[in-house]
Each structure stands twice: as structure tokens, then as C-alpha cells.
Number of protein chains: 2
Amino acid sequence: MRDFDLRNFLPYLLNQAAEETSIGFSQIYKDRYGMLRTEWRVLFHLGRYGDMTASEIGRLSKMHKTKISRSVRALEDKRFVAGRESTDDRRREILTLLPQGRRAFDDLVVVAEKHNADLMASFSTGERAVLIDCLQRLAAFEGLPD
Amino acid sequence: MRDFDLRNFLPYLLNQAAEETSIGFSQIYKDRYGMLRTEWRVLFHLGRYGDMTASEIGRLSKMHKTKISRSVRALEDKRFVAGRESTDDRRREILTLLPQGRRAFDDLVVVAEKHNADLMASFSTGERAVLIDCLQRLAAFEGLPD
DNA sequence: TGGTAGTAGTTACTTTTGTAACCAACAAGG
DNA sequence: CCTTGTTGGTTACAAAAGTAACTACTACCA
């Protein structure tokens, strides 16, 4: 029990690793597009998985709906995203990337991939597989449309 | 490139896993002691690694000094922590756990260990080793006194 | 129909965090 | 000593996130 250490405590370790690995990338979307992390996530969901509503983004990303609402607003102000009312349920607003948003997404995806590759660079193939698998199990993702 | 997915993007994956794994535990220190995560971290550093100053905690945990300052204040208000002025440098304040804080720490460490064991439960010994090692490398910890 | 319950999304209000300026103490050179 | 620069820590103000209440709509069932 005396050997219990923050360096082995998963919530702490994960948080520190998350902080450390996101610094470089968040700087980029902030500098280039004035976006927050929440905005980047919304942008990514729309860019990668196609048009969807705020609550679908919420289900996939586990972000709180107010965060999403505010991010969508910010992205609309930047003319990155537009919403159209769903015909069969007028509460739902289907969100789409506008050309500007698409360009930002295309730009950032390249950066993200490079960043990810750099982070993985020091790991062996086996380590990568285990790491990703363990993290996905811990994160307990909801199913995505593919 | 089309297969780039948030589920393989390390900063996102780490963040989601960190969120998911910390929910249960944070609820406990919040409910039992009204503490925030920042306060729990300060408490842990003092309880596990012994008396130290705010800036030492900052170096180890990478928390910003204002967060630490505010957490220390909150812990002092709870009579969990007290500070004494260093004799050789009167700017530094050496922080110590008070009996109340020690009890909270002892209580929470047990909970944390159990929580950690639960999180690790579904992983094999090999997976655990790889996971911890990779995370520690990503987190790029500062050296601790031992 | 109409009443009740539930869902999508926004807004108002509060708490927490981030940033920058600040004060007090040390350090080193002239 | 007296400046100039640096460090430990706090405070004030601004930005972001959390919580709860709210509007508008749909769904179901009597």
C-alpha cells in the first residue's frame, strides 16, 4: 500500500498524458482559427462523420449539451458551420460544414495526423496496439456510424 | 488518411479515458470532503511525498501556481493543511498536513487504490505494464524525491 | 382532442480556470 | 549600500465550464 503513487494512478496518469499531448495541437487550432477545444471537436465530428445534430455529437463525444451549443454558436459566427431545421422533427437542427469550415477541417486533420504520428513515434507496433486498445476500453466509446 | 479517426487520436483518446476513469473517484472526494480535483492533488502530494512548498508541488504536478495557491487556501480553510514560513527563504511556505488532512488522505488513498485496481481489472499483466509505461512516457514526469 | 411526459436546444447564473499584474523577498554586481 | 533581475506566492479581472431552469416541440395514451 505504501507504494501507491500518483504515477501509477490511472486517472491522474491519463490526465497528465492528455494535457501533455494536447498542448502542441491545441496551440495550432487556437492560433490559426481562434478555436477552443470544444469547437475543434464539433468541427471534427462534422468533418469526419458527416452532418449530424448537436445531440448526436453529444452522444458520441460525451460533451455536455451546453458546451456543444456554445461551440456551434461560435462556429456559426466564424461561418464554419450552418444548421438547417430537420423536416420530420422541428426541434432538431442538422449541422453541416460550410466551405470555410471544410477548409479548416482539412487543414487541421493533416496537422492532427502528423501530431499523432509524432506522439506514437517512440512506441513499438505492439505497444501502440496495446495502448490504443486499453484506452478505447477505458474510454468506453459509443458506437459510430461507419 | 480517410481512416483517421478520433478514436485513434491520442490527445482525444487520453482525454476521454481520463474523464471516464475519474468520474467515480472525483465524486467521492467531492461528496465526502467537498474537495475539487486540484485540492485532492495538493493533498495527495503532501500526504504521499511529505512536506513541500507550493512551487515544488507545481513542478511535480505541472499545475499552474494560481491553481495551487487557491487549492492551498481551500485546504487551509478546511484545516487540512497548514503552512510555516521557511527560515532560510522567507518567500517560501512549507506546507504540511494537519491531522484532519491526514485522515482525509488516508481515507482517500484506500479508495483511490481500490478504484485503480478496478480500472485495471480487465487488463492482463502485460497490458498493464505497457499501458503504464506508455502513459508515463507521454506524461513526461519530473523526477520525484525517493 | 387534450393532458402528461420526454427530448432538442438555449439562456441565465454560478463556479472554476486562465492570464497578467503585482508584492515581497532573495541574489549578484557595481 | 543600491540597483537590476529573478523567484515564491497572491490577487484582480476575463474567459470558460457546470448547473439548472426554460422554450419549443414531439410522443403517447386516455
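Quick caveat: nothing in here was measured; it's all calculated off a predicted structure.
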| NA contact type, A/Lys67, heavy-atom cut-off 4.0 Å: base, sugar-phosphate, or nothing? |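 Result for A/Lys67 = sugar-phosphate.
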Tell me: [atom1] of [X] to [atom2] of [N], nearest whole Å?
{"X": "B/Gln27", "N": "D/dT19", "atom1": "CD", "atom2": "C1'", "answer": "13 Å"}
{"X": "A/Met63", "N": "C/dA8", "atom1": "CE", "atom2": "P", "answer": "16 Å"}
{"X": "B/Glu93", "N": "D/dT10", "atom1": "CD", "atom2": "P", "answer": "7 Å"}
{"X": "A/Arg92", "N": "C/dT10", "atom1": "CZ", "atom2": "C1'", "answer": "17 Å"}
{"X": "B/Arg59", "N": "D/dG8", "atom1": "CZ", "atom2": "C1'", "answer": "14 Å"}
{"X": "A/Arg84", "N": "C/dG9", "atom1": "CZ", "atom2": "C1'", "answer": "17 Å"}
{"X": "A/Asp88", "N": "D/dA27", "atom1": "CG", "atom2": "C1'", "answer": "14 Å"}
{"X": "B/Asp89", "N": "C/dA27", "atom1": "CG", "atom2": "C1'", "answer": "10 Å"}

| Within the modelled atom types, does a donor on one side and an acceptor on the other bring the side chain of A/Arg91 and the base of D/dT26 under 3.5 Å apart? |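 Per atom types, no contact qualifies.
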| task | Tell whether B/Arg70 reaches the base of D/dG9 with its side chain through a donor-acceptor pair below 3.5 angstrom. | result |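 By the distance-only test, no, there is no pair.
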| said: Assuming nearest nucleotide by heavy-atom distance, tell me which of A/Glu85 and A/His64 is located more 5' along DNA chain D. | reply: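 So the residue in question is A/His64.
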| message | So if I take every side-chain heavy atom of A/Lys65 and compare against D/dA17, C/dG9, D/dG9, which nucleotide ends up nearest? | response |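 The nucleotide sitting nearest to the side chain is C/dG9.
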| message | Looking only at the side chain of A/Lys30 (C-beta and beyond, no hydrogens), which of the listed nucleotides C/dT19, C/dT17, C/dG9 gets closest? | response |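 Nearest to the side-chain atoms of A/Lys30, counting from C-beta on, is C/dT19.
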| B/Phe44 ring center near B/Tyr29 ring center (under 6.0 Å) |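 Centroid distance B/Phe44-B/Tyr29: not below 6.0 Å, so no.
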| Which residue lies more 5' along DNA chain C, comparing A/Ile68 with B/Thr66 via nearest heavy atoms |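 Counting from the 5' end, the first nearest nucleotide belongs to A/Ile68.
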Does a side-chain N or O of [X] approach OP1 or OP2 of [N] to a distance below 4.0 Å, or not?
{"X": "B/Arg73", "N": "D/dT11", "result": "yes"}
{"X": "B/Ser69", "N": "D/dG9", "result": "no"}
{"X": "A/Ser55", "N": "C/dG9", "result": "yes"}

| said: Less than 4.0 angstrom from a charged side-chain N to a carboxylate O is my criterion; do A/Arg103 and A/Asp107 meet it? | reply: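 Salt bridge flag = no for A/Asp107 with A/Arg103.
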| Can we say A/Arg73 and A/Asp77 salt-bridge, meaning some charged N sits less than 4.0 Å from an Asp/Glu carboxylate O? |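 Answer for the salt bridge query: no.
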| CA sep, side-chain torsions, deciding dist, call: B/Tyr12, B/Asp5, side chain to side chain donor-acceptor pair (under 3.5 Å) | CA-CA 10 Å; B/Tyr12 183 78; B/Asp5 193 317; over 6 Å; no
| said: Nearest 0.5 angstrom please: A/Leu108 CG to A/Ile28 CD1, how far? | reply: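 The CD1 atom of A/Ile28 is 8.0 Å from CG of A/Leu108, to the nearest 0.5 Å.
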